[in-house]
Q: 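Here it is: the structure, laid out below.
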Amino acid sequence: MADTEDLSLSRRDLMAAGAASAAIVGAPATASAATPDAPSLVQVSFKVNGQKRSLNLDTRTTLLDALREHLRLTGTKKGCDHGQCGACTVIVDGRRINSCLSLAVMHEGDEITTIEGLGTPDKLHPLQTAFIKHDGYQCGYCTPGQICSAKAVLDEIKAGVPSHVTADLTDAPKVTEAELRERMSGNICRCGAYSNIVEAIADVAGGLA
């Protein structure tokens, strides 16, 4: 059996081993590990409100941030940033989407319409005029998304696209209060102007069926 004296550590040896371990744990990480990966940039081209735009973007940039931060089209709002409130709604190739959930690089060559492309202060879109007439907003933060969504809703109904509440799938959907409420349900108004929003959309559609 080995002598226990051979297996024992002196106090000096123990202190030296502890100091070495502390030095290893406390040593700074290497530059490659501490430095985040450089962004991967790519050129993206699309048509926004009738104008061709090209941007050199980080591949992680959302369409919402490309519009707001790079093109300065700040009418499109960032609300929840989770695709739940609809404040960021824009129209892409005729269909409404939540721009916070879509990467800009996915829209190469697409045609994008924001609230700025629907109307201007000097020449309002009929929906903008109707929202003013029927007081379809209070704070106005969600209004750009509401109007873009409403524009797409009326186009959907006109094209015969059914919704969850469309009773007869063999017949063209009608502009009813139930249809408008269902189709606009993805756009949240924290001020609670829903009834006025429905009235504004119905006004542009020529009245409820």
Side-chain angles (χ1 to χ4, degrees), residues 46-53 62-80 83 85-102 104 107 109-161 163 172-209:
F46 32 55
K47 187 178 287 187
V48 182
N49 299 330
Q51 297 183 6
K52 187 174 181 180
R53 309 298 296 266
T62 63
L63 178 59
L64 173 60
D65 285 338
L67 294 171
R68 287 183 55 84
E69 308 301 331
H70 295 268
L71 296 180
R72 301 302 179 189
L73 295 171
T74 56
T76 304
K77 297 295 187 276
K78 179 177 285 193
C80 65
C85 72
C88 68
T89 303
V90 298
I91 301 170
V92 178
D93 290 340
R95 299 182 63 183
R96 52 189 169 139
I97 68 166
N98 292 323
S99 58
C100 73
L101 295 183
S102 187
H107 297 286
D110 286 353
E111 186 163 346
I112 301 164
T113 302
T114 69
I115 189 65
E116 292 91 346
L118 286 181
T120 65
D122 297 329
K123 189 177 181 180
L124 295 176
H125 186 277
L127 278 166
Q128 292 171 313
T129 301
F131 266 67
I132 295 171
K133 174 184 174 183
H134 293 277
D135 196 19
Y137 58 90
Q138 287 186 39
C139 77
Y141 193 84
C142 72
T143 307
Q146 296 274 4
I147 291 175
C148 284
S149 192
K151 170 68 166 63
V153 161
L154 293 180
D155 290 342
E156 289 168 8
I157 294 176
K158 185 177 180 180
V161 178
S163 78
K174 305 292 191 303
V175 181
T176 64
E177 182 173 342
E179 285 282 358
L180 294 182
R181 287 185 177 275
E182 167 63 23
R183 292 172 189 265
M184 292 293 296
S185 61
N187 291 78
I188 295 175
C189 173
R190 289 175 174 83
C191 299
Y194 295 112
S195 296
N196 297 350
I197 290 170
V198 170
E199 290 175 3
I201 300 172
D203 191 352
V204 175
L208 295 174

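Below, each value reflects all heavy atoms present in this structure, side chains not excepted, and no hydrogens, waters or symmetry copies. In this text, all values refer to a predicted model and were calculated from it rather than measured experimentally.
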Q: Is a side-chain donor or acceptor of Glu199 paired with a backbone partner of His134 at a separation under 3.5 angstrom?
A: no
Q: Mind checking the CZ-CD spacing from Arg95 to Glu156? Nearest 0.5 Å is all I need.
A: 8.5 Å
Q: For the atom pair OG1 (Thr143) and CD (Gln138), what is the distance rounded to the nearest 0.5 Å?
A: 9.5 Å
Q: If you define the side chain from C-beta out and look only at heavy atoms, does anything of Lys77 sit under 4.5 Å from Cys100?
A: no
Q: Kindly give the heavy-atom pair with the smallest separation between Ala152 and Ile91, and that separation in Å.
A: N-CD1, 4.5 Å
Q: Search all heavy atoms of Arg181 against all heavy atoms of Ser195 and return the closest pair with its distance.
A: NH2-OG, 3.5 Å
Q: Using only atom types and a distance under 3.5 Å, with no angle test, would you say the side chain of Arg68 pairs donor to acceptor with the backbone of Thr76?
A: yes
Q: Show your reasoning for whether side-chain contact (heavy atoms from CB on, under 4.5 Å) applies to Asp65 and Lys78.
A: CA-CA 9 Å; Asp65 285 338; Lys78 179 177 285 193; 2.9 Å; yes
Q: Do you see a donor-acceptor pair shorter than 3.5 Å between the side chains of Arg96 and Thr89?
A: no
Q: From Ile132 CD1 over to Leu127 CG, what is the distance, rounded to the nearest 0.5 angstrom?
A: 11.5 Å
Q: Can a donor-acceptor pair be found, under 3.5 Å and without considering hydrogens, that links the side chain of Asp135 to the backbone of Asn196?
A: no
Q: For the pair Glu177 (side chain) and Val198 (backbone), establish whether a donor and an acceptor sit closer than 3.5 Å, ignoring hydrogens and angles.
A: no
Q: Is the shortest side-chain heavy-atom distance between Leu63 and Ile97 below 4.5 Å?
A: yes
Q: Which residues pass the salt bridge (Lys or Arg N to Asp or Glu O under 4.0 Å) test with Asp110, not counting sequence neighbours?
A: none
Q: Main chain of Pro121, side chain of Lys123: is a donor-acceptor contact present, judged purely on distance under 3.5 Å?
A: no
Q: Using side-chain heavy atoms (C-beta onward) and a distance below 4.5 Å, is Leu118 in contact with Cys148?
A: yes
Q: Let me confirm one number: the CD1-CD1 distance from Ile147 to Ile115, rounded to the nearest 0.5 Å.
A: 4.5 Å
Q: For Asn98 versus Gly83, what's the shortest heavy-atom pair and its separation?
A: ND2-O, 3.3 Å
Q: Ala193 and Cys189: which non-hydrogen atoms are nearest, and at how many Å?
A: N-SG, 3.4 Å
Q: CD1 of Ile197 to CG of Leu180: how many Å apart, nearest 0.5 Å?
A: 11.0 Å
Q: Would you indicate whether the side-chain heavy atoms of Phe131 and Asp203 approach each other to under 4.5 Å?
A: no
Q: Write down the atom of Gly75, the atom of Glu116, and the distance for their closest heavy-atom approach.
A: N-OE2, 2.7 Å
Q: Is the closest side-chain heavy-atom distance between Asn49 and Leu73 below 4.5 Å?
A: yes
Q: Considering residues at least two apart in sequence or located in another chain, which fulfil the side chain to side chain donor-acceptor pair (under 3.5 Å) criterion with Glu179?
A: Ser163, Thr166, Arg183
Q: Quick check: does any side chain N or O of Tyr137 sit under 3.5 Å from a backbone N or O of Cys142, one acting as donor and the other as acceptor?
A: no
Q: CZ/Arg190 to SG/Cys85 distance, rounded to the nearest 0.5 angstrom?
A: 5.5 Å
Q: So, for Ala130 and Ala200, which heavy atoms are closest and what is the spacing to 0.1 Å?
A: CB-O, 3.4 Å
Q: For a 4.5 angstrom cut-off between non-hydrogen side-chain atoms, does Leu208 reach Thr176?
A: no
